[in-house]
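Here the structure comes first, spelled out in C-alpha cells, and everything after it is commentary.
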Amino acid sequence: MKLDGFGLFVEDMGNMIRFYKDVLGFEIKEAEDTSNVYLVKDGTLFLLYGRKDFEKMTSRKYEYIKGLNGHFEIALYVDTFEEVDSAYEQAISKGAKSVLPPENEPWGQRTCYIADPENNLIEIGSFNRPFDERDG
C-alpha cells in the first residue's frame with residue numbers, strides 16, 4: 001500500500017483554496033468550484049473536501065473541532081534556518097495566523113507554527129540542510 005495523499009474537510013472551500021494556493025504555494029489540480037479540490041505540493045496530493053458534501057455523500061453527520069486543531073499538523077520543510085524565518089514572515093504577511101514564531105529546538109531543528117483559516121496547524125521547519133539530507 002502506498003500513500004497517495006491526504007485531505008482536510010473544510011467549511012469554507014474558497015477561503016481554504018486561496019490560503020493553500022496563495023499563501024503556501026500549492027498548485028490547484030482541478031477546478032475550484034467542485035465539492036472536492038485537489039492541490040499538489042511537491043508531488044503529494046492534498047485534498048480539500050467540503051464538510052457538507054462529505055456528510056451528504058456518506059449520509060452521516062460528523063463533529064468538528066472548534067478552535068486551534070491539535071489533532072494533527074501539516075509539516076513543510078525548507079533547507080535553511082533563514083528560510084524558516086522568511087517563510088514564516090511571508091505566510092503571516094499573507095494572512096496566516098501565528099501560533100509559534102520561529103525558534104531553535106533542542107533536537108537541532110528550527111521550527112515555527114502557523115494556522116490556516118480553519119485553525120489547522122502547519123509546521124515550517126528545517127534541520128539547516130537540504131530535504132534529501134535530513135535524518136530519518
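Residue numbers count from 1 along this sequence.
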Minimum side-chain heavy-atom gap D53-N36 below 4.5 Å =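 No - every pair of side-chain heavy atoms lies 4.5 Å or more apart.
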query = Can you find a pair of side-chain heavy atoms, one from N128 and one from E82, that are under 4.5 Å apart?
reply =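 A side-chain contact exists here, since the closest heavy-atom pair is under 4.5 Å.
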inquiry  = Suppose we call two aromatic rings close when their centres sit under 6.0 Å apart. Are Y62 and F54 close by that rule?
reply    =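 Yes.
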Roughly how far apart are [X] [atom1] and [Y] [atom2], rounded to 0.5 Å?
| X | Y | atom1 | atom2 | answer |
| --- | --- | --- | --- | --- |
| E103 | F81 | CD | CZ | 12.0 Å |
| F9 | L47 | CZ | CG | 7.5 Å |
| F46 | F6 | CZ | CZ | 5.0 Å |

Are [Y] and [X] linked, directly or through intermediate hydrophobic residues, by side-chain heavy-atom contacts shorter than 4.5 Å (ILVMFWY only)?
| X | Y | value |
| --- | --- | --- |
| L121 | L39 | no |
| I114 | L100 | no |
| F131 | V84 | no |
| Y64 | Y49 | yes |
| L76 | L48 | yes |

message = Between W107 and Q109, do the side chains contain a donor N or O and an acceptor N or O under 3.5 Å apart?
response =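 Yes, because at least one side-chain N or O of Q109 sits under 3.5 Å from a partner of the opposite role on W107.
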Tell me whether [X] contacts the main-chain N or O of [Y] through its side chain, where contact means a donor paired with an acceptor under 3.5 Å.
| X | Y | result |
| --- | --- | --- |
| S126 | D79 | yes |
| E118 | E11 | yes |
| K21 | I28 | no |
| S93 | Q90 | yes |

Looking only at non-hydrogen atoms, find the nearest pair between [X] and [Y] and report the distance.
| X | Y | value |
| --- | --- | --- |
| P117 | F19 | CD-CG, 3.4 Å |
| K94 | D22 | NZ-O, 3.3 Å |
| Y88 | P102 | CD2-CD, 3.5 Å |

request  = Evaluate the criterion side-chain contact (heavy atoms from CB on, under 4.5 Å) for residue pair Y20 and L8; output intermediate values, then yes/no.
outcome  = CA-CA 12 Å; Y20 281 95; L8 293 176; 3.7 Å; yes
message = One pair to check against side-chain contact (heavy atoms from CB on, under 4.5 Å): L24 and K41. What are the steps and the verdict?
response = CA-CA 9 Å; L24 297 180; K41 181 71 170 173; 5.7 Å; no
request  = Determine, step by step, whether K97 and N119 satisfy the side-chain contact (heavy atoms from CB on, under 4.5 Å) criterion, reporting the C-alpha distance in whole Å, the side-chain angles of both residues, the deciding distance to 0.1 Å, and the verdict.
outcome  = CA-CA 8 Å; K97 299 173 192 172; N119 291 311; 2.8 Å; yes
inquiry  = Considering only residues two or more places apart or on different chains, which pairs with a residue in residues 66-76 satisfy side chain to side chain donor-acceptor pair (under 3.5 Å)?
reply    =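 Counting only pairs at least two positions apart or across chains, the side chain to side chain donor-acceptor pair (under 3.5 Å) contacts touching residues 66-76 are N69-N120, E73-Y113.
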